[in-house]
Every structure is written in C-alpha cells, then in structure tokens.
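Notes for the one structure printed next.
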Number of protein chains: 2
Amino acid sequence: MWNFSAGPAALPREVLEQAQRELLDWNGSGMSVMEQSHRGKRFIAMAAEAEADLRALMAIPVDYSVLFMQGGATQHFAQIPMNFAGPNDRADYVVTGHWGEKAVREAMPYVKVNIAATGAGDDFRSLPPRKTWQLDPGASYVHYTPNETIHGVEFTDVPDVGEVPLVADMSSNILSAPLDVSRFGLIYAGAQKNIGPSGLVVMVVRSDLLARQGRPMAKILRYAEHAAQDSMLNTPNTWGWYLAGLTFKWLKAKGGVSAMAEQNRAKAGLLYQAIDGSGGFYANPVDPAARSRMNVPFTLHDSALDADFLKESEAAGLIALKGHKAVGGMRASLYNAVPLEAAQALVSFMRDFADRHG
Amino acid sequence: MWNFSAGPAALPREVLEQAQRELLDWNGSGMSVMEQSHRGKRFIAMAAEAEADLRALMAIPVDYSVLFMQGGATQHFAQIPMNFAGPNDRADYVVTGHWGEKAVREAMPYVKVNIAATGAGDDFRSLPPRKTWQLDPGASYVHYTPNETIHGVEFTDVPDVGEVPLVADMSSNILSAPLDVSRFGLIYAGAQKNIGPSGLVVMVVRSDLLARQGRPMAKILRYAEHAAQDSMLNTPNTWGWYLAGLTFKWLKAKGGVSAMAEQNRAKAGLLYQAIDGSGGFYANPVDPAARSRMNVPFTLHDSALDADFLKESEAAGLIALKGHKAVGGMRASLYNAVPLEAAQALVSFMRDFADRHG
C-alpha cells in the first residue's frame, strides 16, 4: 500500500517499526517514551540528539536556535507577528496559494500586512516574478510559503529580499532538498509532512531576531522564552519530538537531504511526465517552472471519471489521492517517506486507467 | 516497575499494548493512525467516539462543547482570558500553589487579575476557606486549580462562586472521581497525567461562553472557531487524540470514574497512612483536609538520606520519586493508570527503608 496523503502523511516504515518495537520499553527504561518526564536525563539526551541531527541535516549555522513547538503552523501564522513586529509595525507577505492567504488572515490582528505580491490573479498557477514584488524596506519581515500543498506550486530558489528577515513556512518541503539556512530569518514547519506526526512544529530562527520585543504578550507565546528553556518552557509534545528524532536518524542513514532531493526529483519527474504524456487524459495546470516536487495536483479530462479513478486506485493500494476541494481532481503528495516505488506504482496505474477509459 | 512521575506520567499498560499492536496497521487501514488524514472517515469516526466516551465518562451536559487542543495548559492560561474577557475586563483568581501562580502570570497581559484568595501565606499547605475569598461580582470568570501537583493540595468539593463562570485547570485530577460538570463554565486539562501523552489539551466548555467576544485576536486562538470545526480548525494532534480515546475506553472498561475514585482514595490512603504512621521518619506538610489524592509530596526526617532513598527505590523498580525542587524531598503521583499494587509496593519499600535507616 502507498499513502499519498497531503498530511498527516506517510512516515518511514523503518521509523514506525522502531517506534513499535520500543513502545513499551524505550531506551532500556522499562517504560514507554510517552511515560518519561521531559525533565528526565533520558528524554533530555534524546531531545538534544534530535536537535543535533537536525542541525547536521540542514547545516544550521550556530547563530540559529532550533525550537520544538506545538499548535501547528497555523498558530504560528499569528504568533510570528506577535513576536517579530510591534503593534504599529508593518510586514510584507508574498502569497502564492491557500496557505499564504491563511498566514495573512491570521497575522492581520497583530501587524499591518502589505501584500507584496500575489499569484491570486493567475489562480495560483504560477509564481509572481521577484521583480514585480512591492517590498517595503521598513517591513519587520517578509513572509512567504516556499511550497503550497493545495495549489502545487513551489519556489526553486530562495528570493533575495535584502536585509529584511525572510520568514518561510516550509511545512510541506522542509528537509526535501539542501537549503542555505543563512538566507532566512525564520524557517518553520508543521511536522506532519516531512518530519513526523501532527502536533509538533519545528522552528529554526536566527538568534538576533529572538531579541525583538514584539508586542506585550504572555511568556508562553514568546519564542525567546522557549529558546531560553530549550523548548521545555512547558511540557513539549514528547512523542512528536521522539518520532521527529527517529525520522532525522532515518534521513541521515538514507544519505541526508541531497539523497532526498534526488529521489524527490525522480518521483515528481515520473509523475509530471505521465501527466504531460497522457495526451490530455490527465492535466496539471501549474506553470512548469513553478511545479511542486512535493504535491502534484492533477485532473482527469472528464471529471465524471473521478469517482472510478479513486475507487480503482484505492483498490490497487494507492491511498489518499483525492484532491483538495479548492482545486478538485486528484493530488499525489510525494514527501520524503514516499519511496520511488510508490510513484512508479501510481504512474503505472494511471497509464492503465487511461488505457481502459481513454 | 512502577512509574510515579508527575507528568508525562504512567499510561495504562493495556492502552500501550493496543497502541503497539496496531501501530503499523490501524483499524484495518494498512497504515499507522499517525499516517491518517484527520479529514478521513476513519479518523473522524475515532475522534467522535473519543468525544462520546469522554461525555459518557464525565456525564457532560449537552450544552457543553468538548475540544481537543494543543499547547499545554500553560498556553491556555493566556488563551482563556483572551477568549472570555474583553481588554478592560476583570477576572478572579484563587491561587493555591505553583500552577495557580503561573496561571495568573500568563493571564496578566490579557485581563485585570484580582487575586481573590491565596494560600501563599501558608506556603500553600492549606486551602484558603471559601468564606475568606474576595470575589468580584463583576469578574468575567473565577479561575482556580482543583489539584496542585507540586504542593499536593486538592479541593474536595466544588466552590460555590454564584453566577460568575467557574474555570478549573484540572490537568492533574480530571477523570479521577465523579464531578458535577454543570457547576463549571470551563474545565481544561493537559493530557499527560490522566488522559494520554503530552501535547494534547482537553477542554469542556459551556457553549454560551463561546459566544463571548473576548479581545480581537487571530481565528486560530478563538475557542469558538475550534468548537465550530469539531477541533479540526487546523490539523490536531492526531496521535494524542487517539491515545486519549484508548484511555477513555480503558476507563469505561474499568468501571469509569466511580471505580477510579475508589481506587485513588485507597492508593492515597495507604501512602498517607504510611507517612503519618512512620513516627516522624516521613512527613507530609499539607493540612489533612486539603491533601491531594493525586500527588503526595513527602520529606524524610533527614534530607541526607534523600540520595539513598532515590537510589534504592529506583533499584526496587519504583521510578520518578524525586520531589519538585520548589518543595524538595519526594513526590509520588498516583494518577488513574498507577495501580493499587504500585502504592502497596511503595509503602512496603518505605517501611523497609525506614527500618534500615531509622
């Protein structure tokens, strides 16, 4: 069976097997990892190792803090402006799909939002060219979404925004390819696509930004306080942190983000080729220069066939291919834990389905 | 091995065994529960069943909503005043230990806090009598902490605060005994003591309170929005929700909260009896009328013996007995998942230790 869910998504089989083996007796403790105090020696060592592995995988510079938070990316849509902008400050938002729009809406109570660029006029099928962005040099930060899971558009390079800190919601493409972290002020990601289970958010933040005052708020909402307590200001999601740690080890064993990048390119390449080569039976509307390697939305030439496609694909062990209602059709998510064989099986099924219904 | 951790705490063995069995193939799906879309039929059915089981266990009236949230109780120390008080409103806080103090500090940016009563003058060894509370009839709500995990004090009945909604942080004693939910405006609890793993917060809120405007804020911070979306406004902690559901089924099978209350009384009774009957070798400083059934702090007559006590108890399979640094000594947490045999083993060890070192 192959799971193409957009998130919560497939986890590496080896990670799940290890979690299963040690569910009742973790690390020689005689207890589950879920039953460990987060202040205990065993858990603290595991947590630090997970952070070190992530630092190694992403080549995170020393002047960046790593946080293991809760609330989903959506909570941080609100918490980011609280922390990094004062009540009268402005921030730039580049909107290239559903999640960018949502980030704007949640930020609005806390910062004056400037939509520096948007792909809305094109129904988010392409990326507004960098030279068209109306950036505000006085902005507290520039926010963008490097990969949009619903519209299936992805930036292939990091935009140059000058001295203003660049903030990226990488929920759906973190760890999918090498990245120059030093180009960013803040990277954050909900875990449930490329890191682990839902309920965990990983943040990588340039330490000087943590000194910003932001607006008056509770301590628990302040990133600097979490950083000062190694993300144990209050009880963290210990299971999520543990699973993330296992996934980081799995990634290292698989050759790290370079190996993932190669595999992700291959998987997406196969699928786009099958779509484009289907003689119009399948279609993906996205500008080829902006096509996502992580989430591939596609439609059938006759939407009356959608129900059959879903029924037959599921029977063939290809799970969760229904597209998001905002764009319809199908969607295959190809995160790190989805192997090449899954993409091959999908493409093979698609060709067969087209032959039978074409 | 018996785990007396204050939280994350022991989980029922049967729950862990079931989670282990179905970790790779949940509910006939061929995938882990962590890999399921929270919008999928299987997950939604499980989530609804967990809520129904909790409603049955706690006899929650129909005019109350149940939410499955994130962020730990600490985040809700801040979010509760945001939601239930306007920027110029006042709220009463009754402080009977460390967590009540923390609730006050996190609330202060969002509401005018009136400390209606505090046990600080007595080092939180007793509960301020209800008749001494200086309640404000114009308060938006009255907040208190029915059980304090560090100081080991617990209310045995629900205080009458008139028409002002009563808000209770029940992180450490939810589901430990029958409760008249209709006496409360809001009950909330971090899961990691009596419900499941950390990273999940369960809230039971009277629906009319959700209509309150609170202060201007992001949608993601608004409880009414979460309630309107059945706690799927964004991706919830799916693993935590699932484990909570298993724990609710375990509780039902064990006879529900009445059976738990009986067992919890028996466990705490054994331990307090051993302390009080130790001829001064052990001591618990709390007013007997306010002693917690969930968390029993105790000291040794000579703190030079603490290290030996911890070493020998751990060797005897009695885990996580070190007290919180705020009060020192030892602490045994006796949540629902800690069986009577654990308390018996602890008491037996304590008697033996006192004999050898008395």
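What you see is a predicted model; the values in this text were computed from it and never measured. Throughout, protein chains are lettered first and strands after them, A, B, ... in sequence-line order, and every chain is numbered starting at 1.
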Quiz prompt | Contact leader toward chain A among B:Gly199, B:Ala337, B:Gly317, where contacts are heavy-atom pairs under 4.5 Å | solution =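 Between B:Gly199, B:Ala337, B:Gly317, the count favours B:Gly199.
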Among the options [options], pick out the one with the most heavy-atom pairs lying under 4.5 Å from chain B.
options	result
A:Ala6, A:Pro81, A:Pro8	A:Pro8
A:Gly71, A:Gly240, A:Gly30	A:Gly71
A:Pro216, A:Gly40, A:Ala10, A:Ala78	A:Ala10

Using heavy-atom distances under 4.5 Å, tell me whether [X] contacts chain B through its side chain, its backbone, both, or neither.
X	value
A:Met82	side chain
A:Ala320	neither
A:Ala19	both
A:Leu233	backbone

Is there any N or O donor on one of chain A and chain B with an acceptor on the other under 3.5 Å, and could you list each such pair with its distance?
unit_1, atom_1, unit_2, atom_2, d
A:Asn3, ND2, B:Glu35, O, 3.1
A:Leu11, N, B:Glu35, OE2, 2.7
A:Gln20, O, B:Gln20, NE2, 2.7
A:Gln20, NE2, B:Gln20, O, 2.7
A:Glu35, O, B:Asn3, ND2, 3.0
A:Glu35, OE2, B:Leu11, N, 2.7
A:Gln70, OE1, B:Gly71, N, 2.8
A:Gly71, N, B:Gln70, OE1, 2.8
A:Gly71, O, B:Asn234, ND2, 3.1
A:Gln75, OE1, B:Gln75, NE2, 3.0
A:Gln75, NE2, B:Gln75, OE1, 3.0
A:Glu106, OE1, B:Lys219, N, 3.2
A:Glu106, OE1, B:Ile220, N, 2.9
A:Tyr110, OH, B:Ala218, N, 3.0
A:Gln192, NE2, B:Thr235, OG1, 3.4
A:Ser198, OG, B:Pro236, O, 2.7
A:Ser198, OG, B:Thr238, N, 3.1
A:Ser198, OG, B:Thr238, OG1, 3.1
A:Ala218, N, B:Tyr110, OH, 3.0
A:Lys219, N, B:Glu106, OE1, 3.2
A:Ile220, N, B:Glu106, OE1, 2.9
A:Asn234, ND2, B:Gly71, O, 3.1
A:Thr235, OG1, B:Gln192, NE2, 3.4
A:Pro236, O, B:Ser198, OG, 2.7
A:Thr238, N, B:Ser198, OG, 3.0
A:Thr238, OG1, B:Ser198, OG, 3.1

Quiz item: By a 4.5 Å heavy-atom criterion (distance strictly below it), what part of B:Pro109 contacts chain A: side chain, backbone, both, or neither?
Solution: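 It is the side chain, since no backbone atom gets that close.
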Quiz prompt | chain A contact via B:Met217 - which portion, at a heavy-atom distance below 4.5 Å | solution =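 Contact with chain A is through both the backbone and side chain of B:Met217.
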Quiz item: What are the two closest heavy atoms between B:Leu16 and A:Leu23, and how far apart are they?
Solution: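 The answer is O-CD2, 3.1 Å.
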Quiz item: Is atom CE of B:Met1 surrounded by more than 12 heavy atoms (other residues, nucleotides or ligands) closer than 6.0 Å?
Solution: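 Enclosed: over 12 neighbouring heavy atoms sit under 6.0 Å from CE of B:Met1.
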